[in-house]
Amino acid sequence: DAMVIQNPRYQVTQFGKPVTLSCSQTLNHNVMYWYQQKSSQAPKLLFHYYDKDFNNEADTPDNFQSRRPNTSFCFLDIRSPGLGDAAMYLCATSRDPAGGQNEQFFGPGTRLTVL
Amino acid sequence: AQTVTQSQPEMSVQEAETVTLSCTYDTSENNYYLFWYKQPPSRQMILVIRQEAYKQQNATENRFSVNFQKAAKSFSLKISDSQLGDTAMYFCAFMSFDYNTDKLIFGTGTRLQVFP
């Protein structure tokens, strides 16, 4: 089945130790998104890629970076995780919002713990 | 800036009954999309239903239907014949019609528990 895959599902890191979260998709969608969801809160968009074009949200901290080496993969890099970065990180894709195909398909998420 | 408000943090319903989840939003735009997403425990978020603001007819997907009141900026979700598998967190979300800002703005969610 076509899907959005996130690895790992659970990640534990130490305060200040860089960490990378991975997302891959078999849907061949143009757009890939990263959301941060803290406990009992709404998901919040960090940034997204429209093909190779990177779009950063204005309030996303510089500590968060992203890479999209090809259509299928997208990475979230947290350069120096703080305790406040502990959250569920959701990856999502959509085919072509410009064409009205704006349903977003979500992965299962990676739960990040910062010690 | 757009905002989405879900005023019911938790709801419960008995199996086979009907439940309505509330959502209000604020925007100055005339064209936009509204969504309800379902996030089951420990599982991925999936789309339940979508409504285009320019359509007057309320969207329906099997047991799920919405009551879209554009003037009141209200977008409630009705679940008929509730099933145990409907137990989940439900998020209402807004998306601008401008594809250059194709991000979802979520409400804080309503946790729905369906009891046997």
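Heavy atoms only: backbone and side chains are in, while hydrogens, waters and symmetry mates are out. Numbers restart at 1 for each chain; the letters A, B, ... are given by sequence-line order, proteins then strands.
Between B:Y32 and B:Y25, the angle of the ring planes goes over 60°, which puts this pair in the perpendicular group of the 30/60° scheme. Between A:Y89 and A:F64, the two ring planes are tilted [angle within 30° to 60°].
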Inset, instruction - Test B:L21 against B:Q6 for side-chain contact (heavy atoms from CB on, under 4.5 Å), laying out the working first. - result: CA-CA 8 Å; B:L21 309 184; B:Q6 294 179 250; 5.8 Å; no

Inset, instruction - Any chance you could lay out the side-chain contact (heavy atoms from CB on, under 4.5 Å) test for B:F94 and B:F75, step after step, and finish with the verdict? - result: CA-CA 10 Å; B:F94 173 99; B:F75 183 61; over 6 Å; no

Inset, instruction - Tell me, with the steps shown, if B:M11 and B:T20 meet side-chain contact (heavy atoms from CB on, under 4.5 Å). - result: CA-CA 9 Å; B:M11 295 273 291; B:T20 298; over 6 Å; no

Inset, instruction - Please lay out, stage by stage, how A:Q6 and A:L21 fare under the test side-chain contact (heavy atoms from CB on, under 4.5 Å). - result: CA-CA 8 Å; A:Q6 290 189 245; A:L21 309 183; 6.0 Å; no

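Contacts between residues 106-115 of chain A and chain B, counted as heavy-atom pairs separated by less than 4.5 Å, involve A:F106, A:G107, A:P108. Within residues 70-81 of chain A, no residue has any heavy atom closer than 4.5 Å to a heavy atom of chain B.
In this structure, B:Y37 has no side chain to side chain donor-acceptor pair (under 3.5 Å) partners at least two apart in sequence or on a different chain. Residues meeting the salt bridge (charged side-chain N to carboxylate O under 4.0 Å, His left out) test with B:K55, sequence neighbours left out: B:E52.
Contacts between A:F105 and chain B at a heavy-atom distance below 4.5 Å are absent for every atom of the residue. Heavy-atom distances place both the backbone and the side chain of A:Q104 under 4.5 Å from chain B.
Salt bridge annotation for A:E57-B:K103: present, with a cationic side-chain nitrogen under 4.0 angstrom from a carboxylate oxygen.
At a threshold of 4.5 Å between non-hydrogen side-chain atoms, the residues B:F68 and B:K70 count as touching.
Between chain B and the options A:M88, A:K44, A:Q37, the largest number of non-hydrogen pairs under 4.5 Å is found for A:Q37. Counting heavy-atom pairs closer than 4.5 Å to chain A, the top residue among B:T108, B:L47, B:V4 is B:L47.
B:K73 pairs in a side chain to side chain contact (heavy atoms under 4.5 Å, CB included) with only one of the listed residues (B:T5, B:T24, B:D26), which is B:D26.
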